[in-house]
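A short write-up of the structure that comes next.
Letters A, B, ... are given to chains in the order of the sequence lines, protein chains preceding strands, and every chain is numbered from 1.
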Protein chains: 2
Amino acid sequence: MSDLSFRNWQSVQDEVLRRINSRLWKPGDLIPNEAELATEFGCARATVNRALQNLADSGLLDRRRKAGTRVTLHPIRKATLDIPVIRREIEGKGHTYLYSLISSQTVIPPQGIIGRMQLKPDDRLLHLVCVHMADGKPYVFENRWINPRVVPEVSGVRFIDQSPNEWLVENIPFSSGDITFSALSATKFESGILACKESEGLFVIDRSTWRGGEAITSVRLIFAPGYQMHTDI
Amino acid sequence: MSDLSFRNWQSVQDEVLRRINSRLWKPGDLIPNEAELATEFGCARATVNRALQNLADSGLLDRRRKAGTRVTLHPIRKATLDIPVIRREIEGKGHTYLYSLISSQTVIPPQGIIGRMQLKPDDRLLHLVCVHMADGKPYVFENRWINPRVVPEVSGVRFIDQSPNEWLVENIPFSSGDITFSALSATKFESGILACKESEGLFVIDRSTWRGGEAITSVRLIFAPGYQMHTDI
DNA sequence: CTCATTATTATGTATAGACATATAAACAAT
DNA sequence: ATTGTTTATATGTCTATACATAATAATGAG
């Protein structure tokens, strides 16, 4: 097969993908080395390298020096999970957005937050509680902790007109984060805030973001019944 | 700044990252072009290209021909969401795994599935209902539809000893998929299967996978109370 | 002034060649 | 048998150069 039609890295990638999906190269298989593929495809080794590297990045190939390139046994797919500005999410669905701050105070956080954010025992955090509404109906309850030692800019913000969610997304870059998804049954407290029945199933996101080794913020978002989060893999 | 210490693409990437995080280059800013950076860093343009391309892939830079390279205003982070073999997930937590097939039949699916899987109106699907258990307690309820026209291999499988989840992950590669996360309140049906209280909040994953333009399978996973899904961004 | 054409420019990509680096496998020494 | 050393090899990366491509900016025709 000395086909001269593989002259760019995308077409090489497509051909490799075809061979993987057609099970010509099965999961776990060692595929020919770059030099051989370059000869077969009639292109430079760098072009093959670009294609295989890209497939390795997306998790379909495992590459190791000297050992060669193998088709991944159980590929892990990447999904894009953005941290949305809730206002835009609601307005994007064609609803009118309303935001309401319930409380704001600087306090010593509970043990759970200290652990999750790896705080010093005497760190005082800004605790914000608020609700985002769509067409007047509660959409999501935001329960947030912000570390003012890491984000000193926060001291000048009142969070009356702009939610902590929006302000943080717009102003504070982060280097990493972790997210936990779960469900809970509404207690009297949540059912009151979200205007739903008690013990109703609610979708929950717990998320912390970090800069360097320090936690910027940790938030629990409890969504009103019916909320769905969608993504592609 | 004619520092000669940027001789590989990672160090160039690190320096660019530093300038972004230190807000020397702010979100929205146009950064110097590749040729200028190459001169500044004392390396080839291709090296700068590799670094910037990588940062663009991870969403921190926006690049357009002629227009140049800008720092992304609202970066979207990528998370790795694998499709786990539930057996391994349970055993990985140190519990003993048990799988139980409740029903298996080939039928014309309901409207919702026809729509979600973009089926022809007369497509008959294999409908599988089963439960995965950890230490004898229900862990997740699996309600799955498989298209035997797309996956003819499925006709030879009984799903008595191996769950459809595990068989599909091990044997059927897919090219894309979509996932929806939500919560529901347990009905009498779910509370019976998952041994939980009626109306308790349950975490739900709806997932479809595709090969080319055709849906391979669509599944609803309803998890027992307390389940959490975790990922990093 | 408007619209189509052309020039300019920044990124995108291909190439050959060279060297770097990790590491499996063969071999040697204990 | 175990440990340490060498060697061969596949991937990783850099370089200089060239051309491709997209898109903005400048230009000119009507």
- Query: Does B:Thr69 have a side-chain nitrogen or oxygen under 4.0 Å from the phosphate oxygens OP1 or OP2 of C:dT11?
  - Reply: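 For C:dT11, OP1/OP2 do have a side-chain N/O of B:Thr69 under 4.0 Å.
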
- Under 4.0 angstrom between B:Gln10 side-chain N/O and D:dT13 OP1 or OP2: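 The answer is yes; a side-chain N or O of B:Gln10 sits under 4.0 Å from OP1 or OP2.
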
Quickly work out the [X] [atom1] to [N] [atom2] distance and round it to whole Å.
X: A:Asn49; N: C:dT13; atom1: CG; atom2: C1'; answer: 14 Å
X: A:Leu52; N: D:dA10; atom1: CG; atom2: C1'; answer: 12 Å
X: A:Leu61; N: D:dA10; atom1: CG; atom2: C1'; answer: 14 Å
X: A:Phe41; N: C:dT15; atom1: CZ; atom2: P; answer: 13 Å
X: A:Asn54; N: C:dG12; atom1: CG; atom2: P; answer: 13 Å
X: B:Arg50; N: D:dC14; atom1: CZ; atom2: P; answer: 8 Å
X: A:Leu30; N: D:dT11; atom1: CG; atom2: P; answer: 8 Å
X: A:Glu34; N: D:dA10; atom1: CD; atom2: P; answer: 10 Å

- Would you indicate what A:Glu36 reaches in the nucleic acid, counting non-hydrogen atoms under 4.0 angstrom: base, sugar-phosphate, or nothing?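 Answer is nothing: A:Glu36 stays at 4.0 Å or more from every strand.
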
- Query: How would you label the contact of A:Ala46 with the nucleic acid (heavy atoms, under 4.0 Å): base, sugar-phosphate, or nothing?
  - Reply: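 Base contact.
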
- With DNA chain D as reference, determine whether B:Cys43 or A:Ala35 sits nearer its 5' end, using the nearest nucleotide of each.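 That would be A:Ala35.
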
- Query: Do A:Asn8 and A:Ser11 meet the criterion of a side-chain donor-acceptor pair at a distance under 3.5 Å?
  - Reply: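 Note: A:Asn8 and A:Ser11 side chains meet the donor-acceptor criterion.
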
- Task: Classify the side-chain pair A:Tyr99/A:Gln162 by whether it contains a donor and acceptor separated by less than 3.5 Å.
- Result: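 Side chains of A:Tyr99 and A:Gln162: no pair found under 3.5 Å.
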
- Message: Which is more 5' along DNA chain C, the nucleotide nearest A:Ala67 or the one nearest A:Thr47? Just name the residue.
- Response: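 Result: A:Thr47.
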
- When the nearest nucleotide of DNA chain C is assigned to B:Asn33 and to A:Lys66 on a heavy-atom basis, which residue is associated with the more 5' position?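 With B:Asn33 and A:Lys66 compared, the 5'-side residue is B:Asn33.
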
- Heavy-atom donor-acceptor pair, B:Asp62 side chain to B:Thr72 backbone, under 3.5 Å: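 Checking the backbone N and O of B:Thr72 against the side chain of B:Asp62, no donor-acceptor pair under 3.5 Å is found.
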
Protein and nucleotides 19-21 of chain C: nitrogen or oxygen contacts under 3.5 angstrom:
unit_1, atom_1, unit_2, atom_2, d
C:dT21, O2, A:Arg65, NE, 3.1

- Between A:Trp167 and A:Phe159, does the ring centre distance come in under 6.0 Å?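 Between A:Phe159 and A:Trp167, which both carry aromatic rings, the centre distance is below 6.0 Å.
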
- NZ of A:Lys93: more than 12 outside heavy atoms within 6.0 angstrom?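 Result for NZ/A:Lys93: enclosed.
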
- Task: Using a strict 4.0 Å threshold on nitrogen-to-oxygen distance, state whether A:Arg19 and A:Glu40 make a salt bridge.
- Result: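 Between A:Glu40 and A:Arg19 there is a salt bridge, with a charged N closer than 4.0 Å to a carboxylate O.
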
- Message: So that I can tick it off, tell me whether B:Glu214 and B:Arg149 are bridged by a salt bridge, with the cut-off set at under 4.0 angstrom between side-chain N and carboxylate O.
- Response: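 Salt bridge between B:Arg149 and B:Glu214, a charged N being under 4.0 Å from a carboxylate O: yes.
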
